[in-house]
Engineer: 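This structure is in structure tokens; I'll ask about it shortly.
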There are 4 protein chains.
Amino acid sequence: MPRVSRDYLDRRREEILAAALRCFAREGFHRTTMQDIVAESGLSPGALYRYFAAKEDLIAAIAARHHAAELALLRDAAERADVRLALRALVRAFLERLSDPGEQEWRRVTVQLWGEALRSPRVMRVVREGLDEPLAALAKLLRRVPGIDANATARLVASLFQGLVLQQAWDPALDVAAYARAAESLIDAVLGAAPARHSALVRQPRSRTSRQRR
Amino acid sequence: MPRVSRDYLDRRREEILAAALRCFAREGFHRTTMQDIVAESGLSPGALYRYFAAKEDLIAAIAARHHAAELALLRDAAERADVRLALRALVRAFLERLSDPGEQEWRRVTVQLWGEALRSPRVMRVVREGLDEPLAALAKLLRRVPGIDANATARLVASLFQGLVLQQAWDPALDVAAYARAAESLIDAVLGAAPARHSALVRQPRSRTSRQRR
Amino acid sequence: MPRVSRDYLDRRREEILAAALRCFAREGFHRTTMQDIVAESGLSPGALYRYFAAKEDLIAAIAARHHAAELALLRDAAERADVRLALRALVRAFLERLSDPGEQEWRRVTVQLWGEALRSPRVMRVVREGLDEPLAALAKLLRRVPGIDANATARLVASLFQGLVLQQAWDPALDVAAYARAAESLIDAVLGAAPARHSALVRQPRSRTSRQRR
Amino acid sequence: MPRVSRDYLDRRREEILAAALRCFAREGFHRTTMQDIVAESGLSPGALYRYFAAKEDLIAAIAARHHAAELALLRDAAERADVRLALRALVRAFLERLSDPGEQEWRRVTVQLWGEALRSPRVMRVVREGLDEPLAALAKLLRRVPGIDANATARLVASLFQGLVLQQAWDPALDVAAYARAAESLIDAVLGAAPARHSALVRQPRSRTSRQRR
DNA sequence: AATGAATGAGCTTTCATTCAT
DNA sequence: TATGAATGAAAGCTCATTCAT
């Protein structure tokens with residue numbers, strides 16, 4: 001019989017994940033100590049361990065949360081009837097996310113997750129699910145396009161997003177909008193049609209400030 | 001006046017890097033201890049530290065070596081007169097590398113490097129050089145294609161390779177050849193021509209066995 | 001909100017300092033390992049580091065404690081109206097301390113501190129405070145004596161104590177009482193009066209056994 | 001049958017000791033590595049070890065050299081017929097040494113030696129000889145003064161010198177000349193005579209520059 | 001005699017996790 | 001439930017010394 005409401009517990013959980021995310025983005029998984037997260041979250045070590053039994057659980061939970069959001073975004077875009085419009089919506093949605101400074105922390109952590117998956121079967125499971133489901137959704141969409149290998153092409157599309165995440169993590173001043181425009185041209189070319197107008201792409205707030213990460 | 005030849009020293013250095021690479025691929029940077037590398041290399045800690053003053057130096061040296069090889073591969077392909085042939089040669093060369101089981105360790109380490117760069121300015125420097133030079137070479141090549149943003153498109157191409165490395169690291173059974181074929185179709189589409197025959201792509205030695213690492 | 005009382009924490013701290021003192025006296029700063037202190041204190045390394053973040057902190061804390069006690073002793077003696085009586089009280093108090101076998105460890109550590117100060121700005125600060133305050137108190141006292149350089153003479157007096165500490169550390173069988181008597185004669189001579197009776201000087205428990213430490 | 005002259009060997013030995021002294025003065029015994037001395041002396045480790053079989057041998061050799069010079073200085077002064085003149089000559093000679101910047105390194109090392117003696121029986125032996133012989137010479141001199149404890153007073157005099165060395169090591173800007181004057185007044189008082197003129201005391205080159213030793 | 005690469009025990013410090021209160 | 005002091009294995013790295021050349 002819980003002494004506090006389920007809701008309260010969930011909120012605490014979210015706070016911890018948010019604190020952990022900030023730490024991981026700032027210092028990396030391995031340089032972040034549980035004490036750092038304890039300090040960032042304002043909890044005590046004992047309290048923290050009631051919610052997450054190990055450091056790796058934090059990593060996995062963050063990854064799961066992350067991928068759920070991405071899959072939602074993808075499904076949302078993929079519902080469109082027209083393949084081209086769907087892909088374009090996807091590019092635009094993704095670009096919007098990348099431009100959100102609040103999401104930058106996710107980005108940095110994502111890249112670390114990729115490497116971490118190679119070490120931890122636990123993280124690998126989450127990360128692969130995070131890729132497989134989007135791949136399936138993309139492939140389903142692309143199967144409507146004749147003359148292409150839908151599965152392989154889905155992977156190409158995934159690569160375009162992964163590469164962008166990576167390159168932007170390394171260089172936050174990267175011109176995301178130009179990348180997106182080029183990606184749309186590419187999509188148009190593949191879909192074998194005249195390029196559509198790039199109506200109203202979100203403008204990339206290119207922060208030209210020196211990006212240093214000590 | 002050194003007691004041993006320059007050559008001997010260089011060989012030792014290479015042996016150490018090879019030992020470190022094996023360890024990093026197996027256990028990850030952070031789970032690999034210097035003792036692990038010492039054991040793997042058959043040296044003593046003191047000897048190891050004569051060659052590399054810190055663990056991070058090993059990481060950076062491995063990255064540098066890695067990128068030099070990749071750049072060479074890229075330059076080699078890019079010297080072809082025809083853009084399409086150059087890109088195709090590049091895809092093929094890359095695919096061959098990926099198929100080489102001896103290179104699998106590099107792949108796994110590469111993905112870790114990506115995350116590590118976010119934490120270590122030292123590694124970031126090496127990693128960015130490892131991207132910037134290929135990007136410049138690709139952009140130079142793509143500038144010959146009218147109507148595209150050469151720089152952004154170069155990044156797209158880089159993404160295709162990065163995504164492939166990542167996806168293959170996660171799943172060594174990935175059908176690299178299918179990915180390559182789809183990439184070539186994509187290139188053809190962008191270059192605005194009828195797809196060429198995929199004459200003799202290297203066959204991917206698909207190991208279908210599930211690989212688990214504790 | 002600490003789980004244990006402030007008092008408990010303070011006691012632990014003192015225990016650690018006492019353990020460290022024993023180790024330092026026995027083996028010297030540099031030959032004493034943190035593991036030695038851990039073993040001597042009965043704590044774990046982690047616990048030790050909760051109280052003192054570095055080995056040097058232990059040294060500095062011991063020095064500070066030491067000097068506070070000495071300053072108190074000096075101030076106590078210096079409050080006497082008569083200069084001669086004050087100096088004599090000081091000599092006597094000091095002699096008593098030196099005779100206390102419980103203080104022998106402090107002595108041995110003191111001498112090491114002197115050298116350590118030359119290397120560590122941290123220790124130097126503590127050590128200089130430990131000299132400057134007594135010097136000021138002595139000079140203040142000596143300013144009442146006409147015809148002498150109070151500051152320089154204060155340093156002479158300090159030297160008499162320092163030399164005694166040093167010589168006794170090297171030879172615990174040293175005849176401290178004889179040294180003290182000679183010092184009192186010297187003080188009498190300087191103060192330009194007939195030597196007073198050496199009423200009741202504490203007897204030095206001369207351990208004549210040769211002490212060897214490996 | 002030596003391949004090189006005895007003289008050559010001796011010169012090498014001296015060079016090594018000089019290099020070691022510089023290192024010890026700069027970094028302290030324990031922070032100085034044999035590699036530091038190797039670098040400072042321009043030799044190789046192997047060569048260094050032909051002359052001194054262990055680090056401690058260097059320390060002991062430096063101490064022995066040091067004390068021989070001091071004893072000579074003392075004997076030189078003590079030869080005088082008049083006790084007062086002898087002591088005054090001693091003070092003056094000592095003061096000159098202290099003022100010599102070339103000797104500052106010895107001073108810093110001396111203080112470390114004092115602590116080191118407590119750890120190393122080897123060093124203790126040298127250090128005690130370095131005190132006992134001067135004490136004997138001083139006591140012999142002071143036995144001519146009636147009504148004093150020659151041995152204890154010899155120790156007082158030694159303390160005056162030890163304290164000066166210590167205090168100057170901590171603060172090179174210390175007014176050595178004032179200290180010497182006060183010491184002479186003290187001697188005069190003890191010898192029961194009117195203070196003599198302080199004719200030509202060596203001037204202390206008071207460097208008021210900030211004395212920092214990192 | 002000299003060289004300098006190599007040795008390897010041992011150092012200080014860290015940190016994920018536990019558990020008495 | 002929450003607290004935070006405690007644990008202790010293990011990490012990265014150093015350095016006095018040796019010895020094959």
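Because only heavy atoms are used, hydrogens play no part in the values below, and waters and symmetry mates are left out as well, while side chains stay in. What you see is a predicted model, and the numbers here were worked out from it, not measured in a lab. Note on naming: letters A, B, ... go to the chains in the order of the sequence lines (proteins, then strands), and numbering restarts at 1 for each one.
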Engineer: Start at the 5' end of DNA chain E and walk down; is the nucleotide closest to His30(C) or to Tyr8(B) reached first?
Structural biologist: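 Mapping each residue to its closest nucleotide by heavy atoms, the 5'-most match is Tyr8(B).
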Engineer: Classify the ring geometry of Phe24(B) against Phe29(B): parallel below 30°, tilted from 30° to 60°, perpendicular beyond 60°.
Structural biologist: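 Perpendicular, since the angle between the ring planes exceeds 60°.
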Engineer: When the distance from CD1 of Ile37(B) to P of dG12(F) is rounded to whole Å, what number comes out?
Structural biologist: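 My rounded result for the distance is 8 Å.
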Engineer: Which residues pass the ring pair (Phe, Tyr, Trp, His ring centres under 6.0 Å) test with His67(C), sequence neighbours left out?
Structural biologist: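 If we apply the ring pair (Phe, Tyr, Trp, His ring centres under 6.0 Å) test to His67(C), skipping adjacent residues, there are no hits.
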Engineer: Look at the side chain of Arg119(C) and the backbone N and O of Arg26(D), then say whether any donor-acceptor pair between them is shorter than 3.5 Å.
Structural biologist: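 Side chain of Arg119(C) to backbone of Arg26(D): a pair is present.
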Engineer: Considering only dT1(F), dA2(E), dA16(E), which nucleotide approaches the side chain of Tyr49(A) most closely?
Structural biologist: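 Nearest to the side chain of Tyr49(A) among the choices is dA16(E).
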Engineer: Under a 3.5 Å cutoff, is there a donor and acceptor pairing between the side chains of Glu116(B) and His30(B)?
Structural biologist: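 Yes.
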Engineer: Assign each of Thr32(D) and Ser44(A) to its nearest nucleotide of DNA chain F by heavy atoms, then name whichever residue's nucleotide is nearer the 5' end.
Structural biologist: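 So the residue in question is Ser44(A).
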Engineer: Indicate the atoms forming the closest heavy-atom contact of Ala61(B) with Leu17(B), along with that distance.
Structural biologist: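 Smallest interatomic distance, heavy atoms only, reads CB-CD2, 3.7 Å.
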Engineer: I need the OH-P distance between Tyr51(A) and dT3(F), as an integer number of Å.
Structural biologist: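 Interatomic distance, OH of Tyr51(A) to P of dT3(F): 10 Å.
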Engineer: Select base, sugar-phosphate, or nothing to describe what Ala54(C) touches, counting heavy atoms under 4.0 Å on all strands.
Structural biologist: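 It contacts sugar-phosphate atoms only.
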Engineer: To the nearest Å, how far apart are Asp36(C) CG and dT13(E) P?
Structural biologist: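 Asp36(C) atom CG is separated from dT13(E) atom P by 14 Å.
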Engineer: What stems involve DNA chain F, if each pair must be Watson-Crick or G-U and both of its distances must be under 3.5 Å, with 3 or more such pairs in a row?
Structural biologist: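 Correct response: E:2-21 with F:2-21.
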Engineer: Could you tell me whether the phosphate oxygens of dA6(F), OP1 or OP2, come under 4.0 Å of any side-chain nitrogen or oxygen in Arg12(C)?
Structural biologist: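 Yes.
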Engineer: If you assign each of Pro45(D) and Phe29(A) to its closest nucleotide in DNA chain E, which residue comes earlier from the 5' end?
Structural biologist: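 Closer to the 5' end of DNA chain E: Pro45(D).
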Engineer: So Glu15(B) and Ser41(B), side chain to side chain donor-acceptor pair (under 3.5 Å) or not? Walk me through it.
Structural biologist: CA-CA 7 Å; Glu15(B) 281 167 20; Ser41(B) 66; over 6 Å; no
Engineer: In whole angstrom, what separates Met34(C)'s CE from dT7(F)'s C1'?
Structural biologist: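 Taking CE of Met34(C) and C1' of dT7(F), I get 16 Å after rounding.
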Engineer: Just say parallel, tilted or perpendicular for the rings of His66(B) and Trp106(B), cut-offs at 30° and 60°.
Structural biologist: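 His66(B) and Trp106(B): parallel rings.
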Engineer: Let me spell it out: for each of Gln35(B) and Gln35(A), pick the nucleotide of DNA chain F with the closest heavy atom. Which residue's pick is nearer the 5' end?
Structural biologist: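 Looking at the nearest nucleotide for each, Gln35(A) comes out on the 5' side.
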Engineer: May I have the distance from Leu48(A) (atom CG) to dC19(E) (atom P), rounded to whole angstrom?
Structural biologist: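 Between P of dC19(E) and CG of Leu48(A): 17 Å.
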Engineer: Calculate the interatomic distance between Phe52(C) atom CZ and dT12(E) atom C1'; express it in whole Å.
Structural biologist: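 It is 16 Å, rounded to the nearest whole Å.
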Engineer: Whole angstrom is fine here: how far is it from CG in Asp57(D) over to C1' in dA16(F)?
Structural biologist: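 Those two atoms, CG and C1', are 12 Å apart.
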Engineer: Distance check needed: dG12(F) P versus Ile59(B) CD1, whole Å only.
Structural biologist: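 Distance, rounded to whole Å: 10 Å.
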